[in-house]
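Comments concern the structure below.
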Amino acid sequence: MIDQSALPLALAAVQAADDRKGEDIVVLEVGQVTILADYFVIATGNSRAQVRAIGNAVEEKIKTEFARKPVRIEGLGEGSWVLADYGDVIVHVLLRSEREFYQLEAFWGHAPRVDVALPPAPLKP
């Protein structure tokens, strides 16, 4: 059974990643297929600095809005993949090369995707 109270936390992580220009942000409702969490949030950063910035922004937003800290956070030092585990929500922020290698969406492809309405990216001149 999925805890629907976890969805606002997942959406806050999405907003924080989007605010730091994270790309290809996906939310998977994994609670139907695993006991690890109810939701995975997956986002791509284009550099190690951006991956760390997204990870820090997620941590700060959830701390501010939900008064929660991650049970565990890994990868902030290296910056190729940050994992923030909130128990019911796990946030993955990866470099594009890491995301393509690990293919989390394919591995968890049987989990339903949550429709996340983000504003369209501005057109580049």
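It should be emphasised that the depicted structure is a prediction, and the values quoted were computed from it without experimental measurement. FYI, the numbering just counts along the sequence from 1.
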Let me see the working for Glu74 and Arg72 under salt bridge (Lys or Arg N to Asp or Glu O under 4.0 Å), right down to the final yes or no. CA-CA 7 Å; Glu74 301 287 339; Arg72 189 177 89 208; 3.5 Å; yes

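The side-chain heavy atoms of Pro8 and Leu11, taken from C-beta on, include no pair separated by under 4.5 Å. No side-chain heavy atom of Val27 sits less than 4.5 Å from a side-chain heavy atom of Arg113. Lys61 places a side-chain heavy atom less than 4.5 Å from the side chain of Gln15. At a threshold of 4.5 Å between non-hydrogen side-chain atoms, the residues Asp38 and Tyr86 do not count as touching. Counting only heavy atoms from C-beta outward, the side chains of Phe40 and Leu104 never approach each other to under 4.5 Å. Residues Leu76 and Asn56 form a side-chain contact, since some pair of their non-hydrogen atoms from C-beta on lies under 4.5 Å apart. Looking at heavy atoms from C-beta onward, Asp88 lies out of side-chain contact with Tyr39 at the 4.5 angstrom threshold.
The two residues Val30 and Ala37 come nearest to each other via the heavy atoms CG2-O, 3.5 Å. Nearest approach of Thr44 to Ile54, heavy atoms of both residues: O-CD1, 4.1 Å. When all heavy atoms of Arg20 and Ala53 are compared, the closest pair comes out as CG-O, 4.0 Å. The two residues Ala13 and Val58 come nearest to each other via the heavy atoms O-CG2, 3.7 Å. Between Ala12 and Glu65 the shortest heavy-atom distance is CB-OE1, 4.0 Å.
Looking at Gln50, its side chain does come within 3.5 Å of a backbone N or O of Asn46 through a donor-acceptor pair.
Between Arg52 and Glu78, none of the side-chain N atoms (NZ, or NE/NH1/NH2) sits under 4.0 Å from a carboxylate O, so this pair counts as no salt bridge.
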